[in-house]
S.K.: 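Can you read through this structure? Questions will come right after.
As the structure is a prediction and not an experimental result, all values here were calculated from the model. Below, chains carry the letters A, B, ... as their sequence lines are ordered, and counting in each starts from 1.
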Number of protein chains: 2
Amino acid sequence: MRILQWHCEYFRYKVTKPAMKNIPENRDEEEKEFRNVLVVLTCAEKNDIAETARNAIIAAEKHLKEVNADSILIYPYAHLSNDLASPSIAITLLKEMESFAKQRELEIFRAPFGYYKEFETKMKGHPLSELSKTIP
Amino acid sequence: MRILQWHCEYFRYKVTKPAMKNIPENRDEEEKEFRNVLVVLTCAEKNDIAETARNAIIAAEKHLKEVNADSILIYPYAHLSNDLASPSIAITLLKEMESFAKQRELEIFRAPFGYYKEFETKMKGHPLSELSKTIP
């Protein structure tokens, strides 16, 4: 799993249209805004398992505390790897991240998978505001 | 070379602080804004050569025309790979991209290398607005 973490002053997204047939969740009207958020752009890869998803949340939680962000937004992002998991595995792993973060009592949100989305953001630009990781 | 291309309604960046000793160019006050721009987040990798840089511009030019953007912003982005070129090679390749784009009479800009930067953007969200590529 590849993740790219941004500490953002704000982050808004809006679903524009489906990016695949058989979208695994119906969220085609969604539009959200977050403030002081850690956005975790997430790319599930082949061979990722539930433990990988949980490790990603552990990494994000550490980063959240370092930068003093209020919440985590899991944002599906296929552009970080050439070795993608299948859509059905990817959505399962994203949901595992969300449920594991809830168990840890983090303020967690998950943007929809399988849609094109526009986004608008201000990424803070301090030395810890952008991190990328390969999650084992 | 890994690139991530965004078609943005606007993209602003502002240098915040140096990210390394011996910054290869002194641009520590820089702040710029672009409209209807193709941002090419660029990560130079080991084994990249001048031809790789030129291939990246050829890919970006094709994308620029498809989405009808006005200009290209080369934006150094180390977060797209674990196999980075050295800083001295990376800056050479970024400059090669810039000069090759000028030869092709593209409207080209290059954000500074070696600095932390904040950015603010609206990424358009249409089906061709985000592309990632590994450039041979």
S.K.: Should A:L131 and A:L38 be counted in the same cluster of Ile, Leu, Val, Met, Phe, Trp and Tyr side chains packed under 4.5 Å apart?
M.R.: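 No; A:L38 is not reachable from A:L131 via cluster members.
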S.K.: Looking at CD of A:E118 and CD of B:E130, how far apart are the two atoms once the value is rounded to the nearest 0.5 Å?
M.R.: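 If we round to the nearest 0.5 Å, A:E118:CD and B:E130:CD are 11.0 Å apart.
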S.K.: Within residues 92-109 of chain B, which residues come under 4.5 Å of chain A, heavy atom to heavy atom?
M.R.: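 From residues 92-109 of chain B, none sit under 4.5 Å of chain A.
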S.K.: Who in residues 8-33 of chain A is close to chain B, using a strict under-4.5 Å heavy-atom cut-off?
M.R.: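 Expected list: A:Y10, A:T16, A:K17.
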S.K.: Would you kindly confirm whether A:L4 and A:V39 end up in one hydrophobic cluster when ILVMFWY residues are joined by side chain heavy atoms under 4.5 Å apart?
M.R.: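 Same hydrophobic cluster.
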S.K.: By a 4.5 Å heavy-atom criterion (distance strictly below it), what part of A:L80 contacts chain B: side chain, backbone, both, or neither?
M.R.: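 Interface part for A:L80: both.
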S.K.: Under the side chain to side chain donor-acceptor pair (under 3.5 Å) definition, can you give me all pairs with a residue in residues 40-50 of chain A, not counting sequence neighbours?
M.R.: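 Every side chain to side chain donor-acceptor pair (under 3.5 Å) pair that includes a residue of residues 40-50 of chain A, provided the two are not neighbours, is A:E45-A:S81.
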S.K.: Should A:Y115 and A:I91 be counted in the same cluster of Ile, Leu, Val, Met, Phe, Trp and Tyr side chains packed under 4.5 Å apart?
M.R.: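 Yes; tracing contacts between hydrophobic side chains, which count when under 4.5 Å, links both residues.
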S.K.: Looking only at heavy atoms and a cut-off of under 4.5 Å, which of B:H126, B:K124, B:E120, B:K133 has the most pairs with chain A?
M.R.: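 Answer, by heavy-atom pair count under 4.5 Å with chain A: B:E120.
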S.K.: Side chain, backbone, both or neither: which part of A:S129 has a heavy atom under 4.5 Å from chain B?
M.R.: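 For A:S129, no heavy atom lies under 4.5 Å from chain B.
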S.K.: Any link between B:I57 and B:I89 through a network of hydrophobic side chains (Ile, Leu, Val, Met, Phe, Trp, Tyr) touching at under 4.5 Å?
M.R.: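 As far as the 4.5 Å side-chain criterion goes, B:I89 and B:I57 are connected within one cluster.
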S.K.: If you count every heavy atom of other residues, nucleotides or ligands that lies below 6.0 Å from A:E66 atom CD, does the total exceed 12?
M.R.: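 Enclosed: over 12 neighbouring heavy atoms sit under 6.0 Å from CD of A:E66.
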S.K.: Treat each ILVMFWY residue as a node, draw an edge where side-chain heavy atoms are under 4.5 Å apart, and state whether A:W6 and A:L128 are in one component.
M.R.: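 Different clusters: A:W6 never reaches A:L128 through Ile, Leu, Val, Met, Phe, Trp or Tyr contacts under 4.5 Å.
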S.K.: List for me each residue that meets ring pair (Phe, Tyr, Trp, His ring centres under 6.0 Å) alongside A:Y77, sequence neighbours excluded, and say none if there are none.
M.R.: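 Checked A:Y77 against ring pair (Phe, Tyr, Trp, His ring centres under 6.0 Å); matches are A:H79.
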S.K.: Mind listing the closest non-hydrogen atom pair of A:M123 and B:K117 along with its distance?
M.R.: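 That would be CE-O, 3.3 Å.
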